Undergrad: 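Encoded as structure tokens, here's the structure I'll be asking about.
Proteins get letters first, then strands, A, B, ... in listed order; numbering begins at 1 in each. Values below: all heavy atoms of this structure, side chains included; hydrogens, waters and symmetry mates excluded. This one's a predicted model, so the numbers in the text were calculated from it and none came from an experiment.
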Number of protein chains: 2
Amino acid sequence: MANPRSTTRAGRSTGAVTLQRVAEHAGVSIATASRVLHGGGSRTVGEELRRRVESAARELGYVSNAPAQALARSATSVVGLIVHDVADPYFAAIAAGAMRAARRQRLMIMIAATFRDPELEIEYVRSLRAQRARALLLAGSGTDDRSLTDRLAAELAGFREDGGRVACIGERGAGPAVPLDHAGGAARAATELWRLGHRRIGVVAGPAELLTVQQRLAGARQALAQLGGELPDSRVVFADFTRAGGREAALELLAREPGLTAVLALNDVMAAGVLAAVQDDLGRAVPGDVSVVGFDDVPFAVDLRPALTTVRLPLEEAGERAVQLVVEEAPADRPPLGVSLVVRDSTGPAPQR
Amino acid sequence: MANPRSTTRAGRSTGAVTLQRVAEHAGVSIATASRVLHGGGSRTVGEELRRRVESAARELGYVSNAPAQALARSATSVVGLIVHDVADPYFAAIAAGAMRAARRQRLMIMIAATFRDPELEIEYVRSLRAQRARALLLAGSGTDDRSLTDRLAAELAGFREDGGRVACIGERGAGPAVPLDHAGGAARAATELWRLGHRRIGVVAGPAELLTVQQRLAGARQALAQLGGELPDSRVVFADFTRAGGREAALELLAREPGLTAVLALNDVMAAGVLAAVQDDLGRAVPGDVSVVGFDDVPFAVDLRPALTTVRLPLEEAGERAVQLVVEEAPADRPPLGVSLVVRDSTGPAPQR
DNA sequence: CTGTTAGCGCTTTCAT
DNA sequence: ATGAAAGCGCTAACAG
């Protein structure tokens, strides 16, 4: 004989334990059950019934149905986070911060990785919109592609109209943001190099179309100009924001401008590649022959060979702030996150010649 | 029958665009609209109506309501992934693989980070159960705590009863798993060290209660025993699976057993700490004085100083397989993922004495 | 091929 | 304080 979960009255096949069943089991109305099990604080149910409902729920192993709740109250507790690549320590750090904050707010984070495809980013905000996510966090850099940006903006506008909140990590003109001073950081790095006597500095940059890259590059360029130096285009090479990209770019850069005494990598992952290129491929000493500075200060920067001098960005905190921004746990006008230069062993005085 | 909702455009800027509205706008029934907009492939709608519905949806800017769909068909397209810490490259790699596979299946990944708190893991499977996630991926190591394990198992059983699928990355007796040969990998590492002439080998291990740690440790111990060597408890120190943990453990290990010529770190992040301890704190050479081998082969292993010899685990692929396992995109009996030893520069012959 | 019509499980007035 | 009932937006029989 079959062994159904409980005796069924008419046809109604059993299985999932619903609020309905909990209510029956406790001998109360479904409304009451809802109030005790999901009622937000406003305890408006008598002690006796409350107890009965609670034990019924426990006995039956009740688990609330989030989609049903979402439908009924048209609001979910999921926050979408769109990153380029979770395996990239930059995004991993942001995600970690966001998740920490989410836990405090009892929110769930749904992460989508675009693998650097802007089309996918748009597709994902649409998905998250369909999920009726409570908020959306855009962690990746924006692009200077107007059409893409406009389409994204349209999708985000729709999301907001449905009542969703949006926050960006780093300015990208698509809503409130947790500002990240890319330009300032790059300026700090360039200035340090200048101070060390470097006059011929090259830059290994990420994809040229990324706003973040443009801002960092502009910061370095401006600082150098102000100092009386320069950063001609011939000293900048763009590549993927990866270790391989950094390595190739460094090789090209130093082939093109052999006299460079320092290179600024626009992120730490690329810096790792630069270090490999300079030391292993080219057999030059760091910082003896050429100094290298990175950007972001991801966890492994200190373990690089030599330990990387880099611009520190408080990524985890940025992630936390982003969720605070969308759940208004904190005032929107907090002092911006500071960037700082962490001087380690990959930089030194410019070699005499 | 007056529709109370769409009483025209007075006041409120017409609420959400629902299927109902799209249907009206297209002059078809809501069922037809549903069929064209969400109908899975089985095109059973006339060309004419199909076109009308599609353009109506576009004009109105319709976005489907996932929670409503989930409720109606009692199935979602979200897959939960529970990790210890997204910022840890081990989990980041797994997550990246999972997301890549998820995209192909048009699934969304909801990541929950336990920050290494087993209680939280249980809490999160409950949450994901409430979300009616289609599947659950457990990426973290299990524990040898019986009570915790039982409670988790109970929760997972409930999840399965509701129709959810579960997969683990690495065996943990909680359902089908993407096997990861922790023991075999450790054996390979230990054997290599032995081959290089090392006879006094120490181990810097992660938390003792983690199954993964126990398996790796057992693998190393057994290999050594087989070779005629040994791994007494005095040569094993447990600490957090972090850089700091690795560093402290290495310091303690070498203080306790100064004669060690090699140390096996049970993951690469710890290995980074070991390298720092040995070289920077103790001023000993690697691999001249002591050889170091890591575990996992995370991306930065090659950039460590010196480049780390380590056991390679195909983490991204494991993540991909895990989602394939729960959506049965692939047969369950695929050949297990292979582990291999990547020999780099942190290992060398045992020093003569 | 298209429309009707029950629900899916829960929240939330509105009464009592 | 508690219950009855009307939805929330969509899917899936079940007719035509």
Undergrad: For a 4.5 angstrom cut-off between non-hydrogen side-chain atoms, does V45(A) reach V28(A)?
TA: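 No, side chains not in contact.
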Undergrad: Between dT12(C), dG9(C), dG3(C), which one does the side chain of A31(B) approach most closely?
TA: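 The listed nucleotide nearest to A31(B)'s side chain is dG3(C).
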Undergrad: Would you tell me if any nitrogen or oxygen in the side chain of S74(A) comes within less than 4.0 Å of OP1 or OP2 on dC8(D)?
TA: no
Undergrad: Rounded to whole angstroms, how far apart are CD on Q20(B) and P on dC10(D)?
TA: 9 Å
Undergrad: Is it the case that the side chain of R52(A) and the backbone of A26(A) share a donor-acceptor pair, with hydrogens and angles ignored and the cut-off at 3.5 Å?
TA: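 It does hold such a pair.
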Undergrad: Could you give the CG-to-C1' distance, from L49(A) to dT2(D), as a whole number of Å?
TA: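 To the nearest whole Å, that distance equals 8 Å.
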Undergrad: Rounded to whole Å, please give me the gap between CD in E47(A) and C1' in dA1(D).
TA: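 One finds 13 Å between C1' of dA1(D) and CD of E47(A), rounded.
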Undergrad: Rounding to an integer number of Å, can you tell me how far R35(B) CZ sits from dT2(C) P?
TA: 8 Å
Undergrad: On the side chain of R21(A), is there an atom forming a donor-acceptor pair with the base of dG9(C) - under 3.5 Å, no angle test?
TA: no
Undergrad: For dC10(D), does either OP1 or OP2 sit under 4.0 Å from a side-chain N or O belonging to Q69(B)?
TA: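 For dC10(D), neither OP1 nor OP2 has a side-chain N or O of Q69(B) closer than 4.0 Å.
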Undergrad: Please name the residue in the list F115(A), F91(A), Y124(A) that meets the ring-ring contact (aromatic ring centres under 6.0 Å, His included) test with H84(A).
TA: F91(A)
Undergrad: Whether S29(A) contacts dG3(D) is assessed here as follows: a side-chain N or O lying under 4.0 Å from the phosphate OP1 or OP2. Is that the case?
TA: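 Affirmative; the distance criterion is met.
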Undergrad: Over how many whole Å does the gap from E24(B) atom CD to dG9(D) atom P extend?
TA: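 It works out to 12 Å between those atoms.
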Undergrad: In whole Å, what is the span from the CG atom of L71(A) to the P atom of dC8(D)?
TA: 9 Å
Undergrad: When all nucleic acid strands are considered with a 4.0 Å heavy-atom cut-off, which category describes T32(A): base, sugar-phosphate, or nothing?
TA: sugar-phosphate
Undergrad: Return the value, rounded to whole Å, for the distance between atom CG of L19(A) and atom P of dG7(D).
TA: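 Going from CG in L19(A) over to P in dG7(D) covers 20 Å.
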Undergrad: Could you tell me whether the side chain of R73(A) has a donor or acceptor atom within less than 3.5 Å of a complementary atom in the base of dG7(D)?
TA: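 Side chain to base: no pair present.
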Undergrad: Rounded to whole Å, please give me the gap between CD1 in I30(B) and C1' in dT4(C).
TA: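 Value for this atom pair: 11 Å.
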Undergrad: For a 4.5 angstrom cut-off between non-hydrogen side-chain atoms, does Q105(A) reach V326(A)?
TA: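 Not in contact.
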Undergrad: I want to confirm an ordering. Mapping A72(A) and S34(B) to their closest nucleotides on DNA chain D, which one lands closer to the 5' end?
TA: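 Of the two residues, A72(A) wins.
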